[in-house]
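Remarks on the structure that follows.
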There are 2 protein chains.
Amino acid sequence: MSQNGATGMATVLDVAKLAGVSTATAARALGGYGSVSPATLQRVQAAAAELGYRPNALARSMITGLTHTVGIVLADIENPFFYGALRGITDTARSEGFDVLLANTDEDPAHEHNAIAALVERRVEGLILCPTDGESRAHLSSLIESGMPIVLLDRSMRGLKADSVGLDNRHAAADATRHLIELGHRRIGIITGGPPEAEASLRRPMMKSVEQIGNTTFPARAAGFRDAMLAAGIEPRREYLSAAGFHRHEAEAATSELMQLAEPPTAIIAFDSILALGALLAFRQLGLRCPEDVSLVGFDDAEWAEVVSPPLSVVRQPVYDIGAKACRLLLDRIKNPERKPSSYRMKGTFIERESTAPV
Amino acid sequence: MSQNGATGMATVLDVAKLAGVSTATAARALGGYGSVSPATLQRVQAAAAELGYRPNALARSMITGLTHTVGIVLADIENPFFYGALRGITDTARSEGFDVLLANTDEDPAHEHNAIAALVERRVEGLILCPTDGESRAHLSSLIESGMPIVLLDRSMRGLKADSVGLDNRHAAADATRHLIELGHRRIGIITGGPPEAEASLRRPMMKSVEQIGNTTFPARAAGFRDAMLAAGIEPRREYLSAAGFHRHEAEAATSELMQLAEPPTAIIAFDSILALGALLAFRQLGLRCPEDVSLVGFDDAEWAEVVSPPLSVVRQPVYDIGAKACRLLLDRIKNPERKPSSYRMKGTFIERESTAPV
DNA sequence: TCCGCTTATGAGAACGTTATCACCAGGTGA
DNA sequence: TCACCTGGTGATAACGTTCTCATAAGCGGA
């Protein structure tokens, strides 16, 4: 099956020799370009089959300048939002003949930086990423300046000339908050997940100039929360805001802390599904009944949200569509690099189940 | 920042010119091999920085024959088993300086075939895959023969000279079954998920020669189930075996069907977490209480298993470790292609929660 | 002074494709 | 007959690296 000594793989040259033609003709026959007579076409194809010839995509990319590969840099594949979006991305990429190079940053800027560098060196034609923090703005900006098509997923970054796709977080969060307010809740806590460093800036200016905080999603959700609260004439309370990390146990601890305040909140909004899980766990641990003692709203309609106890009221994001849209936007920009960047904010839908009830 | 006309990227040649040295010296300075005087090293690095030089990994791979890339072909990223394993894979790959090309087959043999072809053409150094069915055995076999390192994840294939990593499905399933039997259950149903075509072969020879059925995991689990049943002197009943597909709603329908038999099972084992979710949904729909009316055991300890209602008794797989092990095995084989293939069967642990109770 | 060894450098080949150009035969129109 | 196109073909450059080899300079020892 194999031929060439070094790599053990047959090359066009091998095929050409066996078929008795030049490499140029063999390449034309195999690549389906130029003009080849039916007879030689047939001969070359037979030779290729006999040798088990597989074209070397690297060599092809070298000369064409096209890798037909996109890079995906995600924060956490184990989060329902990300693997849902990833599914949308891989599906559309494949349908357009693109492959996907995946990197998981685990919210670590250093990993993100390395991952992006590696992908650039591999000459991916475009990048879908959700940047972990604001530090990398300059770096990303110069990357975009150098012509790399980039789509921001889930998170957007102020002043970055890149497409972005994500939820309309502000309105979605406002909807959820309004729902709780209508049920009579006044003391509402939020588990933002956001990095602990962000907590200070979240609390201090009381989310006044949210857009300045950075890139992640939670400031927008916090802003929506604040919008709804203020619209109802309720002043959000600092001690009800928590930002203790994205992991389940961190959310569990954060919720515990909130619920053990002298005057605990009567409702909690968790900013993603993992965080909601943590909150639920904390309730259970503290012997609190949901929704009798405390209401809970989550983000992301994970497949288990319906089966959990109690079935979770959530803001559903169209995760698959967000991923698919991001990928389509990227492929479009690859074809048409001059297009002005645009930002797509998908509508979330509030789904009421049994974890929310009147106070 | 950029220089070269065509791709807009600076090359070694550009750097060399700017530094006033030959490409060879520039390459040596940048690549950190050979010997370079401190002075020129410094000059070259400065030039590279000024031009924003990024090495072209494609060109490097062409000449070195190494892509430092592994391909991962999964069935369904949205399944907790797979994204858990994927996480283990990407983490270990990164720690060894490898990148990951991801493909999702959605259990479609055609997709799988195309994905593998694409990855081979991209000259990945190895492949981690869970083959969808037995048809591709010959194809995989010739791929292995041609020297491609391959590790089978989750599923193994008889007679294939490849490493494989997965759960010790037979014993794990037997453990779970035994647990139910000890609780007094005699009428136990299994939701295998397996492709509908498999149902016939599953039922007819009553899982006699399970190893012959194919590659997927469920026959081994079915065998373990049968082991435990027969050991307890209970003859498994055909009508309690279902294989209706891997999706949640398919499992839901299958469970419904089982529970509406004249003599329904008193306990059900679902062969993965998505299927367990479907079963739970079916119970809810039919107004059946779990575990009072029917017990349920799932596979995979998804993060939500504990929070679901009722908290789910499961067979926990060490998903992350399975992925990590698969990747380590692959990287090891890349370094040492002559090593004999080995099969690792990880132990599952049965976790009793509240979805299982005496009849 | 000459030999041998090390260090620093450059010229050029190589990887496996596609792209460019030139060539030839054979047909067509004037 | 000549000019012109056109389908089929081959030689060879190009992509951006790394690798191999040759060479030159420096230096210590005999």
Side-chain angles (χ1 to χ4, degrees), chain A residues 2-45 47-48 51-68 118 120-123 125, chain B residues 2-45 47-48 51-68 118 120-123 125:
Chain A
S2 58
Q3 188 84 347
N4 197 312
T7 58
M9 282 270 189
T11 73
V12 202
L13 184 62
D14 300 321
V15 175
K17 275 181 188 160
L18 184 60
V21 294
S22 71
T23 59
T25 338
R28 273 188 285 257
L30 294 169
Y33 61 96
S35 63
V36 187
S37 77
T40 53
L41 175 66
Q42 206 264 319
R43 237 174 336 129
V44 170
Q45 284 175 337
L51 295 173
Y53 170 75
R54 310 249 102 223
N56 184 327
L58 299 169
R60 173 181 296 152
S61 296
M62 283 282 324
I63 172 86
T64 60
L66 303 171
T67 54
H68 288 292
V120 168
E121 294 187 3
R122 286 219 162 131
R123 299 298 189 261
E125 294 188 37
Chain B
S2 59
Q3 186 87 345
N4 196 310
T7 58
M9 282 270 188
T11 72
V12 202
L13 184 62
D14 300 321
V15 175
K17 275 181 188 161
L18 184 62
V21 295
S22 72
T23 59
T25 340
R28 271 188 286 259
L30 295 168
Y33 60 96
S35 64
V36 187
S37 78
T40 53
L41 175 66
Q42 205 265 319
R43 242 180 326 135
V44 170
Q45 284 175 337
L51 295 173
Y53 169 76
R54 313 248 97 224
N56 185 327
L58 299 170
R60 173 181 296 152
S61 296
M62 282 285 320
I63 171 87
T64 60
L66 304 171
T67 54
H68 288 292
V120 169
E121 293 187 4
R122 283 198 157 72
R123 298 299 188 262
E125 294 187 38

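Lettering follows sequence order; numbering is per chain, from 1. FYI, side chains are in, hydrogens and waters are out, and symmetry mates aren't considered; it's all heavy atoms of this structure.
OP1 or OP2 of D:dT17 has at least one side-chain nitrogen or oxygen of B:Tyr53 nearer than 4.0 Å. Note on B:Thr64: every side-chain N or O is 4.0 Å or more away from OP1 and OP2 of D:dC19. Distances shown here put a side-chain N or O of A:Thr40 below 4.0 Å from the OP1 or OP2 atom of D:dT9. Between A:Ser61 and C:dT17, a side-chain N or O to OP1/OP2 separation shorter than 4.0 Å is absent. Taking side-chain N and O atoms only, A:Thr25 has a distance below 4.0 Å to OP1 or OP2 of D:dG10. For D:dG16, the OP1/OP2 oxygens have no side-chain nitrogen or oxygen of B:Thr11 closer than 4.0 Å.
Evaluation of atom-type donor-acceptor distances gives no pair under 3.5 Å for the side chain of A:Arg54 against the base of C:dG16. A donor N or O paired with an acceptor N or O is not found under 3.5 Å between the base of D:dG16 and the side-chain atoms of A:Arg123.
Within 4.0 Å (heavy atoms only), B:Ser35 reaches at least one base atom of the nucleic acid.
Of the possible donor and acceptor atoms, one in the side chain of B:Arg122 sits under 3.5 Å from a partner among the backbone N and O of A:Thr67.
Closest-nucleotide positions on DNA chain C for B:Ile63 and B:Gly34 were compared, and the one nearer the 5' end corresponds to B:Gly34.
Under the 4.5 Å side-chain criterion, counting only non-hydrogen atoms from C-beta, A:Arg60 is in contact with A:Pro55. Residues A:Met9 and B:Val120 meet the side-chain proximity criterion, which asks for heavy atoms closer than 4.5 Å.
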